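Encoded as structure tokens, the structure appears first; notes follow it.
Side chains are part of it too, since the values below use all heavy atoms of this structure and drop only hydrogens, waters and symmetry mates. All of these numbers come straight from a predicted model, not from anything done at the bench. Order of the sequence lines sets the chain letters (A, B, ...), proteins ahead of strands, with each chain counted from 1.
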Protein chains: 2
Amino acid sequence: MSAAHDLLFRTLADPTRRAIFERLCREGEQTVGALTLRSGVSQPAVSKHLGALKQAGLVRDRHEGRQTHYSAQPGALNPLIDWTSQMAGFWQNRLDALDELLQRMDQ
Amino acid sequence: MSAAHDLLFRTLADPTRRAIFERLCREGEQTVGALTLRSGVSQPAVSKHLGALKQAGLVRDRHEGRQTHYSAQPGALNPLIDWTSQMAGFWQNRLDALDELLQRMDQ
DNA sequence: TTAACTCATAACCGCGGGGTTATGGGTAAG
DNA sequence: CTTACCCATAACCCCGCGGTTATGAGTTAA
């Protein structure tokens, strides 16, 4: 089954949520407040997105006093990379098979 | 902006639709009827999914008589591959910077 | 202790989208 | 010509989900 892919794709499908993940990848660890500032949505919305990202294994949270720091966990993208390269691989295999077939016909 | 990524992620987020795309990648060109058989949903649903995949550039359609053949266009996955490797790259850069910092502190 | 700040959760709302059935256009078959 | 088949579109339904405001738990500051 592709249950792992499913969660990853669905989590990254939302633009706001993906933008938050991008910021964490580009700029490193951020507090909820900092993420909320340039997110364009309310703080509860950001918290919910962070919860979804965490459930998908894309981010980690670290509690420090009264603020929570989130950081990206890009290793979680590996299933995505595997899936895409696998799809591209199937495609390439069929191209190779076609090449071979054509070469046999030439002989 | 990440408008291209957005369409790709949203299109691949649905399990049924992604399964159709996977079948086209694995088994090559298929008619709508053939795809409908093992899809678990009705024929109109499959047609709508194929329309979405086509709009995202993930599939091509070829009309032959009264049936339509669809085939995967895996080159459309390149933006996805680029995005994921870019995210992983940011992460790696920060790790490298941390390494460098630690080595300077050792001196 | 009281007050202020940060974040998470609850409760609610509106809309987008994936599902269905019904229908029609286009093509092959009788 | 009539019938049967394949697919796309229309019209509709419903549920999930991303957004909001309101509130509370936990922590620092006065």
Quiz prompt | Proximal nucleotide (of C/dA8, D/dT20, C/dC7) relative to the A/S47 side chain | solution = C/dA8
Quiz prompt | Length of the line joining B/H49:NE2 and C/dT20:C1', which is rounded to integer Å | solution = 12 Å
Practice problem: Could you tell me the separation between the CG atom of A/D14 and the C1' atom of D/dC17, rounded to a whole number of Å? | Solution: 9 Å
Quiz item: Does a nitrogen or oxygen in the side chain of B/Y70 sit under 4.0 Å from OP1 or OP2 of D/dC6?
Solution: no
Quiz item: What's the CD-P distance between B/Q30 and D/dC6, to the nearest Å?
Solution: 15 Å
Self-check item: B/T16 side-chain N/O to C/dG19 phosphate OP1/OP2 under 4.0 Å
Solution: yes
Practice problem: Determine: side-chain N/O of B/H63 to OP1/OP2 of C/dG26, distance under 4.0 Å, yes or no. | Solution: no
Quiz item: Please give, in whole Å, the distance from D/dC6 P to B/D61 CG?
Solution: 18 Å
Quiz item: Is the side chain of A/S47 donor-acceptor paired with the backbone N or O of A/P44 at a distance under 3.5 Å, no angle test?
Solution: no
Practice problem: Decide yes or no for B/I81 and B/N78: does some side-chain heavy atom of the first lie under 4.5 Å from some side-chain heavy atom of the second? | Solution: yes
Quiz prompt | Check: D/dG19 base within 3.5 Å donor-acceptor of A/K48 side chain | solution = yes
Quiz item: Contact class for A/T68 (heavy atom, under 4.0 Å): base, sugar-phosphate, or nothing?
Solution: sugar-phosphate
Practice problem: Indicate, with a heavy-atom threshold strictly under 4.0 Å, whether B/Q43 touches base, sugar-phosphate, or nothing. | Solution: base
Quiz item: Would you say B/L12 and B/V41 are hydrophobically clustered, going by side-chain heavy atoms of ILVMFWY under 4.5 Å?
Solution: yes
Practice problem: Take A/G40 and A/G65, find for each the nucleotide of DNA chain D with the closest heavy atom, and name the residue whose nucleotide sits nearer the 5' end. | Solution: A/G40
Practice problem: Evaluate the ring planes of A/W83 and A/F9, with Trp represented by its six-membered ring, and classify them as parallel (under 30°), tilted (30 to 60°) or perpendicular (over 60°). | Solution: perpendicular
Self-check item: Interatomic distance, B/R18 CZ vs C/dG18 C1' [rounded to whole Å]
Solution: 14 Å
Exercise. In whole angstrom, give the distance that lies between atom CG of B/L12 and atom P of C/dG18.
Key: 12 Å
Quiz item: Counting just side-chain N and O atoms, does B/R10 come under 4.0 Å of either OP1 or OP2 of C/dG17?
Solution: yes
Practice problem: Figure out the CG/C1' separation between A/L50 and C/dC7, and round it to whole Å. | Solution: 10 Å
Practice problem: Look only at the side chain of A/R17 and the backbone of A/T11, and say whether a donor-acceptor pair between them is shorter than 3.5 Å. | Solution: yes
Quiz item: Picking from D/dC17, C/dT20, D/dC7, which would you name as closest to the side chain of B/A45?
Solution: C/dT20
Quiz item: Has the side chain of B/R66 got a donor or acceptor that lies under 3.5 Å from a partner of the other kind on the base of D/dC7?
Solution: no
Quiz item: Roughly, in whole Å, what's the span from CD1 in B/I20 to C1' in C/dG19?
Solution: 13 Å
